[in-house]
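What follows is a single structure, written as structure tokens, with notes after it.
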Amino acid sequence: MASKILFVSTGSGFMSTALGTNLRKAGFITVLAEPDVQSIETVKEDIDMILVLAGEYVYSSAEALVYIMDISRDEEHPVCVIGYDDEIAEIKKYISETNIKKEFRRPFDAKYVAEELKAIAALAEEKRSGKHILLVDDDPTFLKMIQGWLSERYRITAVKSGIQAITYMANHRPDLILLDYDMPITPGPQVMEMIRSEFNYSDIPIIFLTGKSDRESIMNVVKLKPQGYFLKTMPRDEIVGAIDNYFSVHKWDSIS
């Protein structure tokens, strides 16, 4: 089935027209939207990915960009952007860098962009049929690092607070939650309690992330009976391997 791409642009200039033509040649079903919430909302159903062709409008379209961020919060709908450096920097004020799958700088080759998007769409389709992990951590650097480690294998939704996690889960059910133990305002144990109190979500496995390795801290984590825990200092291969193992055998093997 052809992938459906939401193409956000303003006007019908030469580059916009050329890009639309090449997207269709690459096999995409293309729906166009002006950079405003109502226009995007009208055509957003059943899209597979989003392409934003930046222009001067990005400096006055904060509401539309935030809306794009909302509908692309998980990797079911990867976002790609095209623009000059300052335009892309403006977009990143509203759409998290972790949600932007690919950046294309002007000037660009429309055919090359279309082929790159085709590869991204294929990967997104593969992820949609795979496991979905909700990653919750207030440290943006760690969040981006772990998301990068896992995104090759799994569909990742990354949020920066417990409240964002609870809000997201109102309409989504991940297969696994990686939850920061030590977060301000709403710490990991409280988030876990809130999740476990909801019947529809009480069976979702939770693995804590912690930066503390002393015995007392670890015992405090373990007594909450999560499916496991990761020390944030663990190397990439150990974390990825442990998650692969968890999904393959549906159980947690203790780690030290």
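The residues of the chain are indexed from 1 along the displayed sequence. Source: prediction; values computed, not measured.
- Using a 4.5 Å cut-off on side-chain heavy atoms (C-beta onward), P174 and M169 make contact.
- Considering only residues two or more places apart in sequence or on other chains, K25 meets the salt bridge (charged side-chain N to carboxylate O under 4.0 Å, His left out) condition with none of them.
- Residue-environment remark: NZ (K232) exceeds the threshold of 12 foreign heavy atoms within 6.0 Å.
- Annotation: side chain of L178 is in contact with side chain of L150 (closest heavy-atom distance under 4.5 Å).
- A 4.5 Å side-chain heavy-atom check between I207 and L176 finds at least one atom pair inside the cut-off.
- Under a 3.5 Å cut-off, the side chain of Q164 and the backbone N or O of K160 do form a donor-acceptor pair.
- Using a distance-only test at 3.5 Å, with no hydrogens or angles considered, a donor-acceptor pair links the side chain of Q227 to the main chain of I206.
- Remark: the backbone N or O of H132 is paired with a side-chain donor or acceptor of D175 at under 3.5 angstrom.
- Not one N or O on the side chain of S16 forms a donor-acceptor pair closer than 3.5 Å with the backbone of G13.
- Dense packing is recorded around NZ of K92, with more than 12 heavy atoms of other residues, nucleotides or ligands lying under 6.0 Å away.
- The shortest non-hydrogen separation linking A165 to V136 is CB-CG2, 3.7 Å.
- Using a 4.5 Å heavy-atom cutoff, the side chains of M69 and V79 are not in contact.
- P78 and D48 get closest at one heavy-atom pair: CD-O, 3.4 Å.
- The CZ atom of F104 sits 5.5 Å away from the NZ atom of K102 when rounded to the nearest 0.5 Å.
- The cluster map of Ile, Leu, Val, Met, Phe, Trp and Tyr, joined by side-chain heavy atoms under 4.5 Å apart, puts Y84 and V58 in different clusters.
- In the hydrophobic cluster analysis, where Ile, Leu, Val, Met, Phe, Trp and Tyr join through side-chain heavy atoms closer than 4.5 angstrom, Y67 is grouped together with Y59.
- Among residues two or more places apart in sequence or in another chain, the side chain to side chain contact (heavy atoms under 4.5 Å, CB included) test is passed with T167 by I163.
- Annotation: side chain of L179 is not in contact with side chain of L135 (no heavy-atom distance under 4.5 Å).
- Counting heavy atoms from C-beta on, the side chains of I95 and I100 come closer than 4.5 Å.
- When side chains are defined from C-beta on, C80 does not count as touching V52, because their heavy atoms never get closer than 4.5 Å.
- F230 approaches A242 most closely through the heavy-atom pair CE2-CB, 3.7 Å.
- No donor-acceptor distance shorter than 3.5 angstrom exists from the side chain of N245 to the backbone of G241, with no hydrogens or angles considered.
- Annotation for P184 and D138: closest pair CD-OD2, 3.4 Å, computed over non-hydrogen atoms.
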Can I82 and V113 be said to form a side chain to side chain contact (heavy atoms under 4.5 Å, CB included), step by step? CA-CA 9 Å; I82 301 174; V113 171; 3.9 Å; yes
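- Annotation for S9 and P35: closest pair O-CD, 3.5 Å, computed over non-hydrogen atoms.
- A continuous path of Ile, Leu, Val, Met, Phe, Trp and Tyr side chains, each step under 4.5 Å between heavy atoms, connects L6 with V66, placing both in one hydrophobic cluster.
- Between F247 and Y154, the ring-plane angle classifies as tilted under the 30° and 60° cut-offs.
- Atom-to-atom distance recorded for D137:CG and K144:NZ is 15.0 Å, nearest 0.5 angstrom.
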Just do the side chain to side chain contact (heavy atoms under 4.5 Å, CB included) check on L209 and F142 with the steps written out, would you? CA-CA 11 Å; L209 303 166; F142 183 78; 3.9 Å; yes
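- Around the CD atom of E115, the shell of radius 6.0 Å holds more than 12 heavy atoms that belong to other residues, nucleotides or ligands.
- For the pair K4 and F28, the cation-pi test (distance below 6.0 Å, angle within 45°) is failed.
- Atom NZ of K44 is separated from atom CG of D70 by 10.0 Å, given to the nearest 0.5 angstrom.
- For G162 against M183, the heavy-atom pair with the smallest separation is N-CE, 3.9 Å.
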Determine, stepwise, if the pair D139 / D180 fulfils side chain to side chain contact (heavy atoms under 4.5 Å, CB included). CA-CA 9 Å; D139 182 344; D180 185 11; 5.8 Å; no
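- Separating the CG atom in D244 from the CD1 atom in I239 is a distance of 12.0 Å, to the nearest 0.5 Å.
- At distances below 3.5 Å, not a single donor-acceptor pair connects side-chain atoms of S202 with backbone N or O atoms of R196.
- No chain of hydrophobic side-chain contacts below 4.5 Å, direct or via other Ile, Leu, Val, Met, Phe, Trp or Tyr residues, connects I185 to V191.
- In terms of modelled atom types and a separation under 3.5 Å, the side chain of R173 and the main chain of N200 share a donor-acceptor contact.
- A continuous path of hydrophobic side-chain contacts links L32 to L117 [ILVMFWY only; heavy atoms under 4.5 Å].
- From I5, atom CD1 reaches atom CZ of R24 across 11.5 Å, with rounding to the nearest 0.5 Å.
- The NZ atom of K111 lies 14.0 Å from the CG atom of L19; values are rounded to the nearest 0.5 Å.
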Mind running side chain to side chain contact (heavy atoms under 4.5 Å, CB included) on L53 and V81 for me, showing each step along the way? CA-CA 6 Å; L53 178 58; V81 298; over 6 Å; no
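- A donor-acceptor pair is defined here as one N or O able to donate and one able to accept, closer than 3.5 Å; such a pair exists between the side chain of R106 and the backbone of A54.
- With contacts defined as side-chain heavy-atom distances shorter than 4.5 Å, the pair F7/I50 does not qualify.
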